[in-house]
Structures are given as structure tokens and as C-alpha cells.
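Per chain, numbering begins at 1; letters A, B, ... match sequence-line order. What you are looking at is a predicted structure, and each value in this text was computed from that prediction instead of being measured.
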Amino acid sequence: MAGERYNPRESEPKWQKIWADGEVFATSNDDGRPKYYVLEMFPYPSGRIHMGHVRNYTMGDVVARYKRAKGFSVLHPMGWDAFGLPAENAAIEKKVHPAKWTYENIDYMRGQLKAMGLSLDWKREVATCHPDYYRHQQKMFVDFFNAGLAYRRTSKVNWDPVDMTVLANEQVIDGRGWRSGALVEQKELVQWNFRITAFSEELLASLDTLDRWPDKVRLMQRNWIGKSVGLEVRFELATPGPTGETTLKIFTTRPDTLFGASFMAMSPDHPLAKALGEKDLALAAFQEKCRRMGTSVAVLETAEKEGYDTGLRVKHPFIEGKTLPLWVANFILMDYGTGAIFGCPAHDQRDLDFARKYGLEVTPVVLPAGADPASFTVGDVAVDGEGTLFNSDFLDGLGTDAAFDEVADRLEARDLDGAPMGARKVNFRLRDWLISRQRYWGCPIPMIHCDDCGTVPVPTADLPVLLPDDATFDKPGNPLDHHPTWKHVACPKCGKPARRETDTMDTFVDSSWYYTRFTDPWNAQAPTTRAVADRWLPVDQYIGGIEHAILHLLYSRFFTRAMKATGHVGLDEPFAGLFTQGMVVHETYKGPDGHWVSPADIVVDEVEGGRTARMKDGSGPVEIGSIEKMSKSKKNTVDPSDIILGWGADTARWFVLSDSPPDRDVIWTEAGVEGAHRFVQRVWRLVCDGTALTAAASEAGERSAAALALAKATHKTIAAVEDDIEKLGFNRAVARLYEFANAVGRVVATPDAVKADAGLARALVEALDALVRMVAPMMPHLAEECWAELGRSGLVADAPWPKVDAALVIDDTITLPVQINGKKRAELTVPRDAGEAEVRAAVLALEAVQAALDGKPPKKVIVVPARIVNVVA
RNA sequence: GCCCCAGUGGCGAAAUGGUAGACGCGGCAGACUCAAAAUCUGUUGCCUUCGCGGGCGUGCUGGUUCGAGUCCGGCCUGGGGCACCA
């Protein structure tokens with residue numbers, strides 16, 4: 001065997017079979033050792049795995065295998081986020097049933113994942129589209145409903161009037177339906193929601209406890225929840241509204257700027273705006289135009305600000321006789337605050353843009369520090385910071401915070417129609433979670449509508465509510481709704497004919513508790529087995545894409561609380577540790593005909609520092625484009641199966657761990673893969689060649705200098721790699737292993753020295769043993785092959801992580817850089833435990849320091865122990 | 001538009017506020033070879049110098065510090081999210 005190249009095509013399936021047959025990675029719920037739950041975000045079964053999956057699952061697998069080696073009882077499961085739109089699109093476009101499409105994709109992708117050699121417990125696999133999974137989700141929905149956490153309200157959707165269907169935001173392109181091309185309308189539907197806002201304060205406060213989450217994710221969630229302390233103010237209308245309204249309630253976080261108010265604005269969906277629109281054709285037309293923009297906030301806020309002057313006027317609460325015009329404006333969201341604001345253009349950019357467009361007054365009332373009140377003006381940039389009030393009557397001279405309180409106090413004390421005019425209020429940006437989807441391929445919402453009894457939950461005994469198999473997808477609209485029989489059902493309360501809810505759940509619901517189901521997926525009676533769930537949870541390390549930083553993670557945090565409230569789990573926070581990985585990106589290529597071409601179809605030539613590309617089939621030159629996220633549309637994808645077939649899973653795994661820090665994007669390159677594969681072969685060669693030299697290894701006495709150096713390298717590497725893996729710094733761990741392999745290689749390259757020195761041979765045995773154990777979490781197949789070559793029994797997958805000998809990690813002397821005025825000018829080697837005075841004296845005696853000081857005493861000498869010395873001349 | 005993040009050699013990158021460029025890729029030179037592949041060794045930020053050495057250098061710009069890739073302010077560029085893609 002030695003001397004031959006390592007053949008992954010032969011070895012990888014062999015070891016995968018041995019692991020599977022031995023159930024090496026099956027996890028028992030009765031294991032007494034300390035638990036470690038590592039989880040990667042489960043995939044949507046789109047058809048094939050992509051490089052992003054390879055990266056994600058490799059990282060998780062390294063952690064899982066490493067923790068196993070550290071003696072933990074590791075839970076490392078896998079499943080499928082299997083409901084969703086693409087299956088329904090496939091049904092429409094390819095005439096294949098969503099279930100068939102989904103399960104076939106799962107089968108194929110499971111095979112791909114297995115070829116990666118992941119240490120997964122496949123016995124716990126779940127698919128969210130399977131009734132064995134979603135029946136429990138339906139049970140929890142009913143529990144949430146009974147606990148007041150699920151309710152119905154009216155919400156807006158994007159409506160395609162031609163396809164008669166609700167469109168996802170991504171299906172609305174430039175205001176038109178992606179399939180029909182019809183202008184999209186907003187439509188109001190009564191829909192199911194989860195009351196996530198019941199936990200706003202808690203979801204916010206609890207972020208502080210998630211100390212193993214990235215700060216950026218916590219910050220994003222904090223901003224998303226968007227707690228703000230402000231004032232609700234009821235303004236008096238100068239003349240009553242169309243249905244007798246006398247006041248307009250607004251929410252503001254800046255009551256201090258009230259004297260700078262120059263207009264009032266409300267959402268096109270505000271009840272008053274709607275009432276006005278019924279009598280004002282021009283306003284109705286404006287509202288219609290707003291409704292055609294769709295429901296996406298990003299679209300609303302990037303659209304040019306437009307408004308319509310209703311002609312109504314609103315009294316300024318503090319300026320006698322002053323009234324403000326009331327506008328309907330497209331950038332005011334009905335979902336935030338009260339759906340109406342007062343506009344203060346000088347101190348809010350959106351208000352300023354609006355005021356400039358319509359020629360409204362701009363009165364600055366907050367003077368930034370250092371500005372001159374006489375000459376201060378606002379141009380096209382609003383001044384939104386703190387300052388001192390001016391142009392503001394009784395507020396003049398106050399700071400912004402004091403002015404806030406003064407206005408709040410006065411308005412709270414003032415009466416308008418029998419109630420205080422102002423009220424301090426905490427407002428959250430977070431909205432309740434709309435879970436209704438008017439689609440087939442999702443978890444049916446287990447409710448029944450009865451004309452007499454109202455909305456009644458499906459009794460537990462009748463769960464699950466199964467999706468009908470015989471749905472049709474060639475008609476516009478919701479297949480569940482137009483199914484001939486499915487929705488007709490007897491009311492569980494009174495027995496009279498009633499109708500099933502035909503909405504299904506948002507797929508984010510499915511992914512909000514799968515990690516809990518993994519703890520006991522065999523429980524047919526209940527979503528969870530409390531004791532088991534409580535033992536495994538929280539997930540110790542969750543790994544997935546940064547694109548899930550807000551929604552999926554926030555919904556899961558809510559869902560866990562809701563499950564706790566309904567008795568299904570005993571904890572609040574599901575993910576103790578979170579890591580967000582970067583994307584896999586690749587160069588793009590355009591062929592001779594100007595179309596995108598696949599990397600598989602081209603050849604790159606390196607010439608004189610430059611790179612050019614041409615078609616493999618000789619049809620012409622290829623233009624190398626920018627590096628972008630791998631996508632089908634740009635054809636810059638690399639199929640993991642091709643890589644695994646050509647190079648082996650270990651090469652692919654090593655590559656995605658190498659070079660790029662895991663939280664940053666990684667660029668897939670052919671050259672990088674070749675480099676990774678070279679290392680696979682190099683480890684194999686080292687183990688084979690090294691083993692051949694160490695037959696005479698013995699425990700014999702004194703260690704030679706060479707033996708000590710190798711032993712030190714071994715233990716320093718173990719310490720460093722361990723530290724790196726604990727911090728998920730896989731690229732650093734890889735670099736340390738390269739370095740270590742180089743050190744081992746230098747020893748193996750001197751066979752005579754090894755043969756003559758039993759201590760060195762012993763150190764080499766130890767080094768190779770450690771190398772294989774350290775490489776095992778990353779390249780498990782290669783490691784097993786090497787383990788056998790080393791003559792070890794059993795599997796390296798079952799072997800413990802090597803132990804660090806602390807004495808070999810610490811050196812006796814250290815070399816300190818010596819700076820003069822912050823620039824490195826010399827080095828100084830001192831004993832590790834040298835005192836500060838000793839170091840200082842030695843530094844001042846250095847020739848370079850003497851020369852720089854030129855006989856004068858130093859102004860300052862900074863000695864940072866074991867780090868650096870800086871002499872200030 | 002709003003929120004968040006990133007930017008360092010030819011390339012991917014490393015660096016608890018303390019020697020910028022570890023490690024890898026690529027390049028160059030050499031060894032082995034009839035030759036090539038594979039492998040191994042050396043070298044490789046830029047400018048300057050025969051050399052020793054010196055100067056410059058972490059997107060731009062200003063600041064804090066004995067010392068800034070790292071901290072703070074203002075920009076530029078690229079990316080993620082914005083509630084029905086997952």
C-alpha cells in the first residue's frame with residue numbers, strides 16, 4: 001500500500017460503509033456523558049446540494065467530530081426544510097406533483113450528503129413536508145391558538161389579478177407579476193398571525209444573554225425589534241373629517257421638534273385617508289397608485305416620495321392660530337406607530353425630501369453644538385442629531401432630551417375631548433408574524449370555519465389535517481381552495497357543514513422548531529419528549545448563512561418561547577452558540593456569443609501574470625467577469641458531486657475550510673482545489689514514508705535536540721489547532737496543520753537521522769499519530785486510511801483528541817521586538833520570566849538604542865511583558 | 001431609503017491596540033529526470049541601493065495613542081437583510 005497514491009474514489013465509499021454499518025454516528029438519548037448539540041441549518045431540497053451546503057456542513061462536521069473526540073455525547077442530525085414555493089412552481093412548470101418532486105430531490109440530495117462523509121445520525125432525519133412532522137406542528141398551532149398566541153387579522157398581500165394568486169415579494173418584478181406580467185395590486189385578506197409582539201421586550205432583553213452569538217446578528221435583531229420611546233399625540237383637526245373625525249393620532253420619537261412641524265402626513269391606508277378617498281377621486285387615484293407599488297418595504301422606501309394634500313388642516317398644539325396641512329404620503333407605513341406623523345423637515349431626511357418636493361416650510365428648531373443661530377439654515381441634508389432648541393418658544397435653550405420631556409409633560413397634562421392630548425409610549429417596530437399562505441405545499445392550518453360556532457380548532461384526535469394528494473395546479477388560485485371536496489367538513493362543535501381553513505403555514509414555521517424535533521423524532525404522540533428535549537437543548541453550536549440573521553433566528557426564538565408557554569419545552573433561547581458563515585462565490589464567464597457559460601465548459605490560461613479564458617470546445621474566447629455568489633442564472637456554479645467524483649470529498653472539505661475565514665465569502669477556484677488535493681496526498685505520503693522509518697522507535701531515555709524540536713512542534717500544533725477549532729477558526733487550523741506537515745516532512749526527509757535516533761523516531765511516531773487525529777475531523781476518510789497505515793486498531797472516528805503536554809508548549813526564552821519611536825529597530829532575546837527592569841536595562845544597552853538616544857536619556861520606555869518594548873527618544 | 005458587515009502583496013489571507021503579510025495559491029530559480037509529470041529545496045509587498053541599509057505600505061480622509069490593519073469621526077466601493085425565496 002505504501003508508495004501508492006491515496007485513492008479517494010476507493011477509500012471514501014469504503015469508510016462510509018464501515019461508519020454506516022457500525023452505526024458509528026448514531027446518538028443515544030440515554031448517554032450519560034456531557035452533551036453537545038451541533039446543528040447546521042437544514043437544506044431546502046431544491047434538487048442538488050451546492051457549494052454553500054458543502055461549506056456549511058463541513059464546518060458543522062468538523063465541530064461534531066472534534067467534540068466526539070473530546071468525549072462529548074454529540075447530537076448531529078440532518079433533515080429537510082421541505083415545504084415551499086419551488087415545489088409548487090415545479091408542479092406548474094413541469095407538471096410534477098410537489099410531493100414527488102420534493103421526495104425525489106430529498107433522495108438525491110441525501111446521497112450527495114452521504115458522499116461527503118458527514119458524521120450525521122441519519123436515524124433522526126425528518127422532512128417537514130411529512131405528516132409525521134407537520135401533525136405535531138398542527139398540534140402546536142392549536143395550542144398557540146388556545147393560548148392566545150395565534151389569531152386572525154386583516155393584512156395586505158400582493159395580488160396578481162391574472163393568475164388570481166398571492167405573490168411573494170420576490171415574484172413581483174417592477175410592480176408586475178413574474179409569470180403573468182400583470183400589474184400587481186394590494187389586496188386585503190383576513191389571515192393568521194402569531195403574536196410575536198407579545199415577546200417584543202423579552203426578545204430584545206434576552207439578546208444580551210446570547211454571548212456566543214455574533215455581535216452583528218444581535219445588533220441586527222435589536223434594530224429589527226426596534227424599541228423606541230416616544231409620544232403619542234392627538235392633534236385636533238381644524239375642521240372635522242368626512243365621518244366626523246375630530247382628532248388625528250400620531251406617534252413621534254421627536255416631540256422636541258414640534259415647533260419645526262410644517263405638515264402632517266398619514267399612510268394611504270390610514271382609516272381617515274380611506275374615508276377621504278371615498279369622496280375625493282384624485283385622492284383615490286393616488287391611493288390606487290400607492291397600492292400598485294406592492295407590499296415590500298424596500299420598494300416603498302426607495303420609491304420617490306409622493307403625497308397628496310387632503311385639504312384638511314390640523315391645529316398646532318402650541319402655536320395659537322397655526323394650522324398644518326394634512327397630506328397622504330406614500331412613505332408612511334400603516335404598520336408602524338399610528339400610521340400618521342407630523343413632518344419636521346429640518347430634522348428628518350424623509351420629511352425634508354418631501355417638503356422640498358412640495359414647497360413646504362423648513363424651520364430648523366434644533367441647533368447643533370457650535371452652530372450660529374442667526375445664520376443656521378438647512379439645505380438638502382436634514383440635521384438629525386442632538387442640540388439646543390431655538391425658534392421654539394418655551395423650549396428655547398433646552399437640550400433635546402429636556403425639550404422631549406417638557407413637550408411630553410405639557411401634552412400629557414392637556415385635555416382634548418376628555419382625554420390627555422399626549423401619552424408617552426414605548427413603540428416597537430416588530431410586527432406580528434403573518435403565517436398564512438394561500439398555497440398548497442405547506443402545513444395546513446388546522447382550523448375549521450363554522451357559520452354558527454365561528455373559528456374552531458380541529459380536535460387533536462383528528463390531526464393531522466393531511467394535504468389532499470389529488471390537487472391540481474393548472475388552474476389559477478389556491479389548489480386547496482378549489483379542491484372539490486377537501487375543505488368541506490363537519491363542524492367539530494355542532495356537526496353542521498363547515499369549511500376547513502385553506503391557508504397553509506409560512507415555511508418559517510416549519511424551520512422554527514425542527515431542532516427540537518431532532519431530540520426525539522420518534523415520539524408519535526407529541527411534538528417533544530420534554531425530558532429529552534430539555535436535556536439536549538439548547539443547540540450548543542448552530543451554523544448557517546448570515547442571510548438568516550433576522551427572520552429565521554428571531555422566529556425560532558419566538559417559537560421556543562411559545563412552545564415553553566404551551567408546555568412543550570422548558571427553555572427560552574434555542575441556540576446558545578451561533579456562527580454565520582459566508583457564501584461560496586465564483587468568477588463569472590461570458591462566452592463568444594455573449595451568454596453566461598459554466599466554469600466546467602472553459603479553460604483558463606495563465607500568461608505573464610494575466611489570465612485569459614477560452615471555451616473547452618474551441619468555439620472561441622471567454623470573457624472573465626466579476627466574482628459573484630454562485631447562481632444558476634449566471635452559470636457560475638460548481639457541482640459538489642463533480643468535485644467529489646473527481647477529487648474526493650476530503651479534498652472538497654479541506655478546500656472549503658482553507659484560506660478564507662469561515663464568516664467571510666470564499667472564492668471557489670480550480671487552483672485552490674488542486675492545492676487542497678496536493679495536501680491530501682502529502683499527508684498520505686508522510687504517514688507512509690514516516691511509518692516505514694519508525695520501526696525502531698523506542699521509549700528510550702534522553703531526547704535529542706531534533707526529537708525535542710519535533711515534540712515541541714507537535715504539542716504547539718495540538719494546542720493551536722484545538723484553540724482554533726473551538727473558535728471555529730478553521731482557516732487558521734488548516735494553516736497550522738500545513739506548518740506542522742512541513743515540520744514533519746523535514747524530519748521524514750532525513751531517514752538516516754531518524755534511523756540513528758530512537759528518540760527522534762519516537763517523536764515522529766507521536767507526530768504522525770497527532771497529525772492523523774487532528775486531520776480526522778476535516779478529512780475523515782483520509783484519516784481512517786492513515787490510521788490503519790499507522791497500525792492502530794479501531795477507527796480514528798472513535799479515537800480521542802490528542803492530549804497537549806503543556807511543558808512542551810512553553811519556550812524558555814522569548815524574542816522581543818524593540819521599537820524606537822514606534823518603529824521596529826532591533827530584537828532582544830531574554831528569558832521568558834525576565835523582569836521589567838532587566839528587560840529595560842538590556843534594551844537601553846542595545847547598540848541601535850544607544851545610537852538613537854545619542855547620549856540623552858530616553859523620554860519614556862514602555863515594556864509590554866512578553867510582547868514588545870518601545871523606547872521614546 | 002433604512003439596518004448590518006467587509007475592504008491588507010499578483011491572488012485567498014494572518015495579526016488579545018504591540019515585529020504587517022504566518023499559511024496556502026501563483027510566479028521565479030534550482031535539484032531529481034534522456035525529457036516531462038509528480039516530488040523536493042530556495043526565493044517572492046513596493047521603491048531605492050552593487051551590498052549593508054534606508055524609505056513607503058492594510059479602500060480614502062481626519063483624529064486618539066509611546067504605538068493603529070485593529071479604536072473614534074467623515075467619506076468611497078462591494079456584500080447581506082428589509083417581514084410571502086429559503
Side-chain angles (χ1 to χ4, degrees), chain A residues 5 41 43-44 46 81 83-86 157-158 166-172 214-217 219-224 226 295-305 331 335 349-350 353 429-439 506-508 511 545-552 554-555 580 582-583 585 606 608-611 626-629 658-661 663-667 669 671-672 674-676 678-679 681-682 685 729 731-732 734-739 742 745 749 815-827 859-862 864 867-872:
Chain A
R5 280 175 71 79
M41 289 179 184
Y44 177 77
S46 58
D81 188 11
F83 275 136
L85 266 185
V157 294
N158 299 311
V166 177
L167 297 175
N169 284 332
E170 73 158 10
Q171 297 174 324
V172 179
D215 286 340
K216 62 177 170 182
V217 174
L219 190 54
M220 279 191 266
Q221 292 214 353
R222 192 166 289 130
N223 291 337
W224 185 261
T295 58
S296 146
V297 174
V299 170
L300 291 179
E301 294 205 346
T302 45
E304 194 186 342
K305 288 170 187 50
F331 62 97
D335 288 318
Q349 191 60 48
R350 285 179 304 181
D353 295 343
R429 208 185 72 98
L430 182 66
R431 311 199 295 256
D432 275 336
W433 173 11
L434 185 131
I435 63 152
S436 275
R437 297 293 181 269
Q438 293 68 38
R439 307 195 190 287
D506 178 7
T507 56
F508 272 126
S511 57
I546 182 67
E547 66 273 19
H548 294 294
I550 297 176
L551 293 179
H552 162 58
L554 192 62
Y555 290 151
T580 54
M583 295 181 301
V585 294
E606 310 246 1
E608 293 166 22
R611 298 170 72 246
S626 59
I627 294 169
E628 297 190 45
K629 177 178 177 171
S658 305
D659 292 352
S660 286
D663 54 352
R664 228 188 274 176
D665 291 351
V666 62
I667 303 176
T669 63
E674 287 165 17
R678 266 202 294 276
F679 188 68
Q681 296 296 348
R682 188 165 146 75
R685 230 174 16 250
N731 57 322
R732 290 193 305 267
V734 164
R736 299 306 299 237
L737 288 169
Y738 271 122
E739 230 167 357
N742 288 340
T815 300
L816 291 176
V818 177
Q819 294 182 332
I820 296 165
N821 294 331
K823 295 209 179 250
K824 191 200 160 195
R825 284 296 126 102
E827 278 183 351
K859 284 202 185 102
K860 206 171 180 183
V861 180
I862 294 139
V864 183
R867 268 278 171 217
I868 203 168
V869 181
N870 190 12
V871 179
V872 185

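- Atom pair A/Asp353:CG and B/G1:C1' shows a separation of 9 Å (rounding to whole Å applied).
- Taking every side-chain heavy atom of A/Arg664 into account, B/A6 is the closest of B/C4, B/C23, B/A6.
- Here the separation of B/U33 from B/U39, taken at their C1' atoms, is 12 Å to the nearest Å.
- For the residue pair A/Asp665/A/Ser660, the side-chain donor-acceptor check at 3.5 Å is not satisfied.
- The CD1 atom of A/Ile820 sits 10 Å away from the P atom of B/G54 (whole-angstrom rounding).
- A/Val869 places a side-chain heavy atom less than 4.5 Å from the side chain of A/Val861.
- The phosphate of B/A38 has neither OP1 nor OP2 within less than 4.0 Å of any side-chain N or O from A/Arg685.
- Following rounding to the nearest Å, A/Glu739 (CD) and B/A13 (C1') show an atom-to-atom distance of 14 Å.
- Under the side chain to side chain contact (heavy atoms under 4.5 Å, CB included) rule, A/Ser511 has a single partner from A/His548, A/His552, A/Met41, which is A/His552.
- Applying side chain to side chain contact (heavy atoms under 4.5 Å, CB included) to A/Ser658 and the options A/Leu737, A/Asn731, A/Val734 leaves one that passes, A/Val734.
- In this structure, the side chain of A/Glu301 does not engage the main chain of A/Phe331 through any donor-acceptor pair within 3.5 Å.
- Mapping A/Tyr738 and A/Lys305 onto RNA chain B by nearest heavy atom places A/Lys305 closer to the 5' end of the strand.
- Going from the P atom of B/C56 to that of B/G81 covers 43 Å, rounded to whole Å.
- Base orientation for B/G12: anti, the chi torsion being more than 90° from 0.
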Can you give the dot-bracket line for RNA chain B, using ( ) for pairs inside the strand, [ ] for pairs that cross earlier ones, | for pairs with another strand and . for unpaired bases, where Watson-Crick and G-U count if both distances are under 3.5 Å? (((((((..(((.....[....)))((((((.......))))))((((....))))..(((((..]....))))))))))))....
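- Across the interface with RNA chain B, nearest-nucleotide mapping of A/Leu816 and A/Leu219 shows A/Leu219 to be the residue nearer the 5′ end.
- Using P as the reference atom, B/G7 and B/C72 are 14 Å apart when rounded to the nearest Å.
- Atom P of B/C85 sits at a distance of 16 Å from the matching atom of B/G80, rounded to the whole Å.
- B/G1 atom P lies 18 Å from atom CG of A/Asn223, rounded to whole Å.
- Comparing B/G10 with B/C46, their C1' atoms are spaced 12 Å from each other, to the whole Å.
- For the pair A/Asn169 (side chain) and A/Thr295 (backbone), a donor-acceptor distance under 3.5 Å is absent.
- For the OP1/OP2 pair of B/G26 and a distance below 4.0 Å, the side-chain nitrogens and oxygens of A/Arg678 include at least one atom meeting the criterion.
- In this structure the side chain of A/Leu554 reaches within 4.5 angstrom of the side chain of A/Leu430, judged on heavy atoms.
- At the phosphate of B/A13, OP1 or OP2 sits under 4.0 Å from a side-chain N or O atom of A/Ser660.
- In this structure, CG in A/Asn870 is found 7.0 Å from CG in A/Asn821, a value given to the nearest 0.5 Å.
- Here the nucleotide nearest the side chain of A/Asn742, chosen from B/G24, B/U16, B/G1, is B/G24.
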Identify each atom pair where a protein N or O and an N or O of nucleotides 64-68 of chain B are less than 3.5 Å apart, giving names and distance.
from, atom 1, to, atom 2, distance (Å)
B/C66, O2', A/Asn870, ND2, 3.4
B/C66, O2, A/Asn870, ND2, 2.5

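- Here the straight-line distance linking atom CG of A/Leu85 with atom CD of A/Gln171 works out to 5.0 Å at 0.5 Å rounding.
- Atom CZ of A/Arg664 is separated from atom CD1 of A/Ile546 by 14.0 Å, given to the nearest 0.5 angstrom.
- With hydrogens and angles left out, the side chain of A/Arg867 and the base of B/U16 share a donor-acceptor pair within 3.5 Å.
- One finds the CZ atom of A/Arg825 at 6.5 Å from the CD1 atom of A/Ile820 (value rounded to the nearest 0.5 Å).
- Separation of the C1' atoms belonging to B/C25 and B/G9 is 13 Å when rounded to the nearest angstrom.
- Using a 4.0 Å heavy-atom distance criterion, A/Lys216 is classed as a sugar-phosphate-only contact.
- A distance of about 32 Å separates the P atoms of B/G78 and B/U64, rounded to the whole Å.
- For A/Lys824 and B/G21, the NZ to P distance is 8 Å, given to the nearest whole Å.
- Per the geometry, CD belonging to A/Gln681 stands 13 Å off P belonging to B/A38, to the nearest Å.
- Between the CZ atom of A/Arg5 and the C1' atom of B/A38 there is a distance of 7 Å, rounded to whole Å.
- If you take OH on A/Tyr44 and OG1 on A/Thr507, they are separated by 8.5 Å, rounding to the nearest 0.5 Å.
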Identify the pairs formed between an N or O of the protein and an N or O of nucleotides 78-86 of chain B at a distance under 3.5 Å, and give each distance.
from, atom 1, to, atom 2, distance (Å)
B/A83, OP2, A/Val297, N, 3.2
B/A83, O5', A/Asn169, ND2, 3.4
B/A83, O2', A/Arg431, NH2, 3.3
B/A83, N6, A/Arg429, O, 2.9
B/A83, N1, A/Arg431, N, 3.0
B/C84, OP2, A/Arg437, NH2, 2.9
B/C84, O4', A/Arg437, NE, 3.2
B/C84, O4', A/Arg437, NH2, 3.2
B/C84, O2', A/Asn169, N, 2.6
B/C84, O2, A/Arg439, NH2, 2.4
B/C84, N4, A/Gln191, OE1, 3.2
B/C84, N4, A/Gln438, OE1, 3.0
B/C85, OP2, A/Glu170, N, 3.3
B/C85, O4', A/Glu170, OE1, 3.4
B/C85, O4', A/Glu170, OE2, 2.9
B/A86, OP1, A/Leu85, N, 3.1
B/A86, OP2, A/Thr507, OG1, 3.4
B/A86, O3', A/Asp81, OD2, 2.6

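- Remark: A/Ile550 CD1 to A/Arg222 CZ distance equals 12.5 Å, nearest 0.5 Å.
- Using a distance-only test at 3.5 Å, with no hydrogens or angles considered, a donor-acceptor pair links the side chain of A/Arg429 to the main chain of A/Trp224.
- Within 4.0 Å of A/Glu674, counting heavy atoms only, lies no atom of the nucleic acid at all.
- Between A/Arg732 atom CZ and B/A22 atom P the separation is 16 Å, expressed in whole Å.
- Nucleotides B/U41 and B/U48 are separated by 30 Å at their C1' atoms, to the nearest Å.
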